[in-house]
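What follows is a short report on a single structure.
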Amino acid sequence: MGEESRSSADTVVAPNGLSEHELNLGERLLGAGAILLHQQGDGETAAIAADVITVDVMLWDSDFGQENYKALLEIEPHLLPRFTEEILERMRSAMHSVLRREKRDASVGYIEAVPVIPRVSANWREQLKAVGGPKPTNQARRVRLEPQHPIEDGLHFTNEWEHRVYKVLAHRQADLPDNDTIGIMPLGAMRVRGHTYEPDLLITYRGCAGVIEIDGPYHKGRASDDKGRERLLRNAGVKYIDRLDVCDSTDRLEVEKFVTDFLRHLGG
């Protein structure tokens with residue numbers, strides 16, 4: 001397939017805006033492999049591939065002119081059970097197919113999922129003491145002890161985008177009367193039929209549950225997966241689901257408008 005015939009949805013783009021050719025070998029193979037799997041109807045494996053934090057592809061051995069590579073996928077520890085032998089083999093096969101287009105005498109012969117090593121900040125002692133103290137009120141399973149990790153009101157947040165939206169919600173909560181207020185749960189794991197999801201923010205209001213998702217740079221190209229996920233959440237009793245683009249989360253006025261509209265739909 002020529003470059004001119006590839007749609008924007010088929011182009012591998014890194015979270016920092018790098019083009020496909022500027023990505024390292026591992027990201028190119030995994031990204032193109034995931035898109036290939038999705039095009040072949042394997043949306044499950046493609047979606048799981050998007051949970052990989054980093055991918056390292058290195059030369060494993062060379063025999064009779066055949067280069068054999070191995071791929072190491074760094075994963076959040078709580079997500080490792082999703083990377084079964086079957087899922088990893090599908091990823092390896094897709095990455096192998098992509099690599100053969102670049103290097104005819106090369107193969108991806110081995111793949112392994114390993115837990116990501118936490119980055120350490122100067123205040124790691126204080127972070128560990130905080131975790132060992134009063135327990136956060138949400139499960140926050142995705143959160144790692146890393147620099148600039150947002151914590152407020154005993155709640156953990158994956159990133160600053162979620163934290164910004166939470167602060168607007170908390171301010172709105174304080175303004176509402178005691179008999180007509182909202183509940184806010186960041187990163188609470190929820191089991192639905194066949195899946196465990198972790199909505200960014202689960203909101204309760206007037207006897208109803210709603211979900212807010214903040215779509216970050218890794219979210220591009222996952223609309224079809226979102227629809228299936230939202231259908232399962234609605235079938236499980238979630239009344240209203242809305243998404244906020246990460247670009248809008250930097251503008252407090254935009255977040256205020258979003259929250260007003262969200263609560264109107266949820267409590268109406």
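The residues of the chain are indexed from 1 along the displayed sequence.
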- Interatomic spacing from CG in D153 to NZ in K167 - rounded to 0.5 Å: 11.0 Å

- Query: Is it true that atom CZ of R234 has more than 12 heavy atoms of other residues, nucleotides or ligands lying nearer than 6.0 Å?
  - Reply: yes

- Item | Connected via hydrophobic side-chain network under 4.5 Å: L37 and V52 | no

- Task: Please test Q40 against R90 for side-chain contact (heavy atoms from CB on, under 4.5 Å), starting from the C-alpha separation and ending with a verdict.
- Result: CA-CA 11 Å; Q40 293 172 343; R90 294 178 195 170; over 6 Å; no

- Message: Can you give me the closest heavy-atom contact between E27 and I53, atom names plus distance?
- Response: OE2-O, 4.4 Å

- Task: Test V98 against V108 for side-chain contact (heavy atoms from CB on, under 4.5 Å), laying out the working first.
- Result: CA-CA 10 Å; V98 175; V108 178; over 6 Å; no

- Message: Grouping I, L, V, M, F, W and Y whenever their side-chain heavy atoms are under 4.5 Å apart, do L232 and V238 come out in a common cluster?
- Response: yes

- Aromatic ring pairing Y240/H265, orientation class (parallel under 30°, perpendicular over 60°, tilted between): parallel

- Item | Nearest-0.5 Å distance, CG of residue D245 to OG1 of residue T250 | 9.5 Å

- Query: Does L233 reach the side chain of M190, with side-chain heavy atoms less than 4.5 Å apart?
  - Reply: yes

- Taking atom CZ of R191 as the centre, does the number of heavy atoms from other residues, nucleotides or ligands within less than 6.0 Å exceed 12? yes

- Task: Would you sort out whether I212 and F258 count as a side-chain contact (heavy atoms from CB on, under 4.5 Å), showing the intermediate values?
- Result: CA-CA 10 Å; I212 295 175; F258 175 87; 3.7 Å; yes

- Message: Side-chain heavy atoms nearer than 4.5 Å, only ILVMFWY residues, links allowed to pass through others: does that put L72 and I117 together?
- Response: no

- Query: With a 4.5 Å heavy-atom cut-off, do M91 and F83 have their side chains touching?
  - Reply: yes

- Which distance, rounded to the nearest 0.5 Å, do you find between the CE of M95 and the CG of L29? 5.0 Å

- Interatomic distance, NZ@K70 vs CD1@I111, rounded to 0.5 Å, equals 12.5 Å

- Query: Would Y69 and L36 show up in the same hydrophobic cluster when neighbours are defined by side-chain heavy atoms closer than 4.5 Å?
  - Reply: no

- Under a 4.5 Å cut-off applied to non-hydrogen side-chain atoms, are L88 and L73 in contact? yes

- Decide yes or no for E44 and I87: does some side-chain heavy atom of the first lie under 4.5 Å from some side-chain heavy atom of the second? yes

- Note on the structure: Closest non-hydrogen atoms of A46 and A34, given as atom of the first, atom of the second and distance, are CB-O, 3.4 Å

- Message: The criterion is side chain to side chain donor-acceptor pair (under 3.5 Å); which residues satisfy it with T260, sequence neighbours excluded?
- Response: R172

- Query: For the atom pair CD (E213) and CG (L201), what is the distance rounded to the nearest 0.5 Å?
  - Reply: 8.5 Å

- Message: In the structure I gave you, are the side-chain heavy atoms of E76 and D51 within less than 4.5 Å of one another anywhere?
- Response: no

- Minimal non-hydrogen separation, C208 against K239, with atom names: SG-CD, 3.6 Å

- Message: Before you tell me yes or no, could you show the steps for K103 and E67 under salt bridge (Lys or Arg N to Asp or Glu O under 4.0 Å), namely the whole-Å CA-CA distance, both residues' side-chain angles and the distance that decides it to 0.1 Å?
- Response: CA-CA 9 Å; K103 298 183 177 184; E67 294 180 347; 3.8 Å; yes

- Message: I need the L176 CG to I182 CD1 distance, nearest 0.5 Å.
- Response: 6.0 Å

- Using modelled atom types only, decide if a donor and an acceptor are shared between the side chain of D248 and the backbone of D251 within a distance under 3.5 Å. no

- Message: Here's a test for you: under side chain to side chain contact (heavy atoms under 4.5 Å, CB included), which of I241, D200, L266 qualifies with V211?
- Response: I241

- Item | Heavy-atom closest pair, residues S249 and V165 | CB-CG2, 4.4 Å

- Query: Can you find a heavy atom in the side chain of Y205 that is under 4.5 Å from one in the side chain of D180?
  - Reply: yes

- Task: For residues S107 and N68, report the shortest heavy-atom separation together with the two atoms involved.
- Result: OG-OD1, 2.9 Å

- Query: Do M58 and L25 sit in the same hydrophobic cluster, where Ile, Leu, Val, Met, Phe, Trp and Tyr count as joined when their side-chain heavy atoms come under 4.5 Å apart?
  - Reply: no

- Item | N235 side chain near V192 side chain, heavy-atom distance below 4.5 Å | no

- Can you find a pair of side-chain heavy atoms, one from L263 and one from I203, that are under 4.5 Å apart? yes

- Message: Under the criterion salt bridge (Lys or Arg N to Asp or Glu O under 4.0 Å), I'd like the reasoning laid out for E230 against K227: C-alpha separation, chi angles, the key distance, then a yes or no.
- Response: CA-CA 5 Å; E230 290 177 7; K227 290 180 181 177; over 6 Å; no

- Under the side-chain contact (heavy atoms from CB on, under 4.5 Å) criterion, do V114 and E74 qualify, and how do the steps go? CA-CA 5 Å; V114 298; E74 285 197 322; 4.1 Å; yes

- Tightest non-hydrogen contact, residues P186 and F157, listed as CG-CE2, 3.5 Å

